[in-house]
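Quick notes on the structure that follows.
As the structure is a prediction and not an experimental result, all values here were calculated from the model.
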2 protein chains.
Amino acid sequence: MTPTTAGRPPGRPRAGVTDAVFAATLRTVHEIGYARATVDRIAAAAGIAKTTVYRRWPSKGALIIDCLLDAFGPVPLAGDDRDEVISTAVRWIAGKIGEPGVGDAFAGVFSDAVSDPALRDLLASRFQDPYRIALQDALGEPEHRVLFLIDTVVGTLLHRMGMTGRPMVDADVDALVDMVRRYFTPTAAGRRRT
Amino acid sequence: MTPTTAGRPPGRPRAGVTDAVFAATLRTVHEIGYARATVDRIAAAAGIAKTTVYRRWPSKGALIIDCLLDAFGPVPLAGDDRDEVISTAVRWIAGKIGEPGVGDAFAGVFSDAVSDPALRDLLASRFQDPYRIALQDALGEPEHRVLFLIDTVVGTLLHRMGMTGRPMVDADVDALVDMVRRYFTPTAAGRRRT
DNA sequence: GGGTTGCGCTACCTTGAGTATCGAAACCAG
DNA sequence: CTGGTTTCGATACTCAAGGTAGCGCAACCC
């Protein structure tokens with residue numbers, strides 16, 4: 001969507017602030033934690049007014065979800081077989097959650113979503129579903145198996161993040177990869193190496 | 001501590017309200033969700049004043065943790081081998097989380113703990129540690145392995161609870177048991193049955 | 001310059017956690 | 001029965017944060 005395309009609407013054009021807001025969100029969450037990262041502070045960190053944030057996103061949760069979508073991007077589905085696809089995907093999400101601010105923000109929205117059905121729906125439809133569908137296609141697994149895989153991997157990573165405040169260390173990520181690989185690749189029990 | 005033991009202190013004795021408060025907590029959380037289950041409402045459901053709750057527990061989080069400790073009780077560690085001990089323990093916690101109100105309350109405190117370091121410490125020391133130590137003893141595994149086991153099992157169950165609002169169905173609990181059993185009982189890859 | 005829309009600012013509403021205060025109630029000792 | 005001590009319930013309050021409303025001004029097009 002270049003600025004000159006398809007009949008620009010009248011009036012003052014919107015300032016391009018989304019990138020600045022996303023960056024400010026992750027930075028603020030990383031520095032002072034999710035709870036203290038209020039919309040006010042995030043807006044201030046981005047150099048704009050709180051009201052401008054609420055003109056773009058209907059709620060704090062929606063902002064964080066969009067921020068996470070931007071931070072995560074599409075899931076890499078590289079690999080010759082399911083074994084490798086799963087390993088790659090698990091390591092990818094573990095790495096993303098380990099990036100400064102991302103894990104905290106993820107755990108934070110998830111937390112808020114627990115007791116906010118509207119946010120839960122948003123999280124499921126806008127965030128989880130795209131990855132779920134991509135994984136179903138790549139793995140040829142039914143929906144409930146992929147949902148179980150996501151519960152396992154994301155749940156484990158978030159639980160560690162939530163209980164310790166830090167992302168999972170590499171050695172435990174290796175263990176996680178190993179565990180889900182063994183379970184989802186029936187014949188992989190014997191071939192321990194890539 | 002019977003009432004007549006060891007020099008009762010002067011003044012009006014405390015009313016025995018903890019059981020009523022625990023019951024009211026689970027009931028309220030189950031009926032209207034964690035976020036709307038305010039301390040005010042819980043107190044009202046228990047038939048006492050909010051101030052009385054705060055005389056017993058220093059924060060809402062502390063109340064919920066005590067309530068969960070009461071609801072969970074000690075982990076059953078039955079079974080002849082590690083394989084069975086793990087299965088029993090996993091099914092036990094899955095069942096507890098499935099009880100009305102318990103899973104919601106658990107997911108709720110966990111959520112709050114994510115961005116509240118004090119509550120996180122409380123959750124780790126008062127709730128997780130006793131079970132972790134009991135499992136270390138029963139399984140003869142080092143601390144980091146048991147922590148990984150807990151992350152996996154609890155994380156998966158809470159993620160499902162958080163994303164769907166409902167506890168995990170039995171078939172998926174079976175899958176979870178299967179997965180962690182395979183990983184934590186190296187020789188179990190061959191003997192698929194109990 | 002006129003029309004239209006976005007921005008920053010300030011003030012505000014609401015909810016919920018947690019605190020302070022005060023009178024009344026419950027217990028014991030004498 | 002009275003006094004001392006502690007707890008209870010009720011009310012009122014503070015504080016933080018999500019979210020909203022309104023206003024003056026800025027930026028764009030014609």
Side-chain angles (χ1 to χ4, degrees), chain A residues 2-18 20-21 24-25 28-29 32-65 105 108-109 111-119 122, chain B residues 2-18 20-21 24-25 28-29 32-65 105 108-109 111-119 122:
Chain A
T2 54
T4 54
T5 307
R8 138 185 273 172
R12 174 176 176 171
R14 289 196 151 190
V17 296
T18 58
V21 173
T25 300
T28 307
V29 168
I32 63 178
Y34 184 80
R36 295 179 55 204
T38 68
V39 177
D40 249 334
R41 281 187 230 255
I42 292 172
I48 62 173
K50 182 171 84 159
T51 45
T52 301
V53 173
Y54 278 104
R55 280 186 195 106
R56 301 264 193 313
W57 294 276
S59 67
K60 180 183 179 181
L63 163 63
I64 303 285
I65 289 176
V109 252
S111 299
D112 287 351
V114 167
S115 48
D116 180 344
L119 182 56
L122 208 64
Chain B
T2 54
T4 55
T5 307
R8 137 187 272 173
R12 175 176 177 171
R14 290 197 148 190
V17 295
T18 59
V21 173
T25 300
T28 306
V29 168
I32 63 178
Y34 183 81
R36 295 179 55 205
T38 67
V39 176
D40 249 334
R41 280 188 232 254
I42 291 172
I48 63 174
K50 181 172 84 161
T51 46
T52 301
V53 173
Y54 278 104
R55 279 185 198 106
R56 301 259 191 320
W57 294 275
S59 66
K60 180 183 178 181
L63 163 63
I64 304 284
I65 288 176
V109 251
S111 299
D112 287 351
V114 167
S115 47
D116 180 345
L119 182 56
L122 208 65

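- Among dG6(C), dT6(D), dG18(C), the nucleotide with an atom closest to any side-chain atom of R14(A) is dG6(C).
- In this structure, the nucleotide among dG16(C), dG18(C), dA27(D) sitting nearest to the side chain of T38(B) is dG16(C).
- Put simply, OH on Y54(B) is 13 Å from C1' on dT14(D), counting in whole angstrom units.
- The P13(A) side chain lies nearest to dC28(D) when the options are dG19(D), dC7(C), dC28(D).
- In this model, the phosphate group of dC7(C) is approached by a side-chain N or O of R56(A) to a distance below 4.0 Å at OP1 or OP2.
- For R8(A) and dC28(D), the shortest distance from a side-chain N or O to OP1 or OP2 is not below 4.0 Å.
- Look at T52(B) and you'll find a side-chain N or O under 4.0 angstrom from OP1 or OP2 of dG9(D).
- With a 4.5 Å cut-off on side-chain heavy atoms, T52(A) and V21(A) do not count as touching.
- Each of R12(B) and P58(B) lies near DNA chain C, and the nucleotide nearest P58(B) is the one positioned closer to the 5' end.
- With DNA chain D read from its 5' end, the first of the two nearest nucleotides for G11(B) and G47(B) is the one closest to G11(B).
- Within 4.0 Å (heavy atoms only), T51(A) reaches at least one base atom of the nucleic acid.
- Comparing atom distances between the R55(A) side chain and each of dT21(C), dC9(C), dT19(C) picks out dC9(C) as nearest.
- When distances are taken from the side chain of I48(A) to each of dG8(C), dC28(D), dG18(D), the shortest belongs to dG8(C).
- Rounding to whole angstrom units, CG of residue D40(A) and P of dA17(D) are separated by 9 Å.
- In this structure, W57(A) places its CH2 atom 16 Å from C1' of dG19(D), rounding to the nearest Å.
- Proximity of a side-chain donor or acceptor of R56(A) to a complementary backbone N or O of T18(A) within less than 3.5 Å is not detected.
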